[in-house]
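Just below is one structure, and these are the notes that go with it.
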Amino acid sequence: QVQLQQWGAGLLKPSETLSLTCAVYGGSFSGYYWSWIRQPPGKGLEWIGEINHSGSTNYNPSLKSRVTISVDTSKNQFSLKLNSVTAADTAVYYCARGNRTAMVRVFIITGYDYYMDVWGKGTTVTVSS
Amino acid sequence: QSVLTQPPSVSAAPGQKVTISCSGSSSNIGNNYVSWYQQLPGTAPKLVINANNKRPSGIPDRFSGSKSGTSATLGITGLQTGDEADYYCGTWDSSLSAGVFGGGTKLTVL
């Protein structure tokens, strides 16, 4: 049974750097896309980005300039850093295990089956002066 | 503004059926599989459908999914009060090279 345990600072001042870490227990670390998703109060889910065990990343274009996701395979952990935070970054931040399988037709990738099947419990991050 | 479009709310009586729509474009739903997530109040989202219509282990067959063109639909039959939650659709966007979600739909079981 795979479990994700996440932690990090819950209260930040504007312009500081948000830093969260997620540890993976009970399953393989390779073959998945380790993801961060956030949810502002009363609003919907926003995908932040992902990393695989090799360190390859993808980021939400709207956050890309401020986001860094890194991985430590020796500890089965991955981390999120978001710099220059503002009140708009106040949210519950979730880590999750992403699965992305390519659909191939005649040697060409035609699309992906993409979903997140294991989620952390979430960390509330508040940005306030 | 979310990349995928969902109705803000739907409602139905216990025992009835409800459907939740999710609309996108050729770069996301049109060429990728759709997943659906249930978020009960105060909890993390939970996967209920992946690959358009596949139920993960433990998800009852009251939950179903379908896709046509650039739209997808989640169906729930035999509604129970425990199904009251926010539901989100999600997929990969090949143009953005990013995951995308709908804005969420609040299901009320009257």
Side-chain angles (χ1 to χ4, degrees), chain A residues 1-6 22 32-51 56-64 67 69 91-105 108-124, chain B residues 1-9 22 24 26-59 65 67 70 72 86-106:
Chain A
Q1 181 96 4
V2 177
Q3 292 186 338
L4 305 184
Q5 183 175 347
Q6 57 181 106
C22 184
Y32 298 99
Y33 293 85
W34 302 101
S35 309
W36 290 97
I37 299 98
R38 71 180 182 179
Q39 185 171 35
K43 296 188 178 181
L45 303 174
E46 180 178 30
W47 189 86
I48 299 171
E50 64 177 13
I51 191 167
S56 177
T57 55
N58 285 301
Y59 297 126
N60 184 326
S62 68
L63 297 170
K64 189 173 183 177
V67 173
I69 297 176
V92 177
Y93 286 75
Y94 295 100
C95 59
R97 186 176 78 172
N99 299 259
R100 188 163 73 249
T101 303
M103 298 180 284
V104 180
R105 189 178 301 160
I108 298 174
I109 294 175
T110 58
Y112 292 95
D113 175 19
Y114 179 68
Y115 59 94
M116 282 152 281
D117 61 347
V118 183
W119 294 66
K121 292 185 177 181
T123 300
T124 299
Chain B
Q1 187 126 356
S2 302
V3 173
L4 308 179
T5 301
Q6 298 180 233
S9 63
C22 175
S26 59
S27 67
N28 41 67
I29 293 178
N31 285 288
N32 297 288
Y33 284 135
V34 176
S35 54
W36 288 90
Y37 304 87
Q38 176 194 62
Q39 187 177 34
L40 298 170
T43 68
K46 175 184 177 182
L47 178 71
V48 293
I49 293 287
N50 68 280
N52 298 336
N53 55 20
K54 300 292 189 283
R55 284 176 290 106
S57 174
I59 302 301
K67 190 187 100 167
T70 59
D86 294 324
Y87 291 85
Y88 295 90
C89 57
T91 188
W92 186 253
D93 191 297
S94 301
S95 295
L96 299 175
S97 291
V100 291
F101 291 104
T105 298
K106 182 177 182 59

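Order of the sequence lines fixes the chain letters, A, B, ..., with proteins taken first and strands second; residue numbering starts at 1 for each chain.
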Please name the pair of heavy atoms, one in A/Y114 and one in B/G99, separated by the smallest distance, quoted to 0.1 Å.
-> CE2-CA, 4.0 Å
Separation of A/L45 CG from B/D86 CG (nearest 0.5 Å) | 9.0 Å
Part of B/Q39 within contact of chain A (heavy atom distance under 4.5 Å) | side chain
Side-chain heavy atoms of B/Y88 within contact of A/I37, under 4.5 Å = no
Is there a side-chain contact between B/P56 and A/D117, using heavy atoms and a 4.5 Å cut-off?
-> no
Output for pair (B/I49 CD1, A/Y115 OH), nearest 0.5 Å, gives 12.0 Å
So which heavy atom on A/M103 is nearest to which on B/Y33, and how close?
-> SD-CE1, 3.1 Å
For A/W47 and B/V3, what are the C-alpha separation, side-chain angles and deciding distance, and is it a side chain to side chain contact (heavy atoms under 4.5 Å, CB included)?
-> CA-CA 11 Å; A/W47 189 86; B/V3 173; over 6 Å; no
B/N32 side-chain N/O to A/Y112 backbone N/O, donor-acceptor pair under 3.5 Å = yes
Smallest heavy-atom separation, A/Y94 atom then B/T43 atom, equals OH-O, 3.4 Å
Under 4.5 Å from any heavy atom of chain B - which part of A/Y59 | backbone
Search all heavy atoms of B/A44 against all heavy atoms of A/G120 and return the closest pair with its distance.
-> CB-O, 3.3 Å
Any donor-acceptor N/O pair, B/Y37 side chain to A/M116 backbone, under 3.5 Å = yes
Okay, B/S97 and chain A: the region with an atom under 4.5 Å from a heavy atom over there is both
Most contacts with chain B, counted as non-hydrogen pairs under 4.5 angstrom, among A/N60, A/D113, A/V92 | A/D113
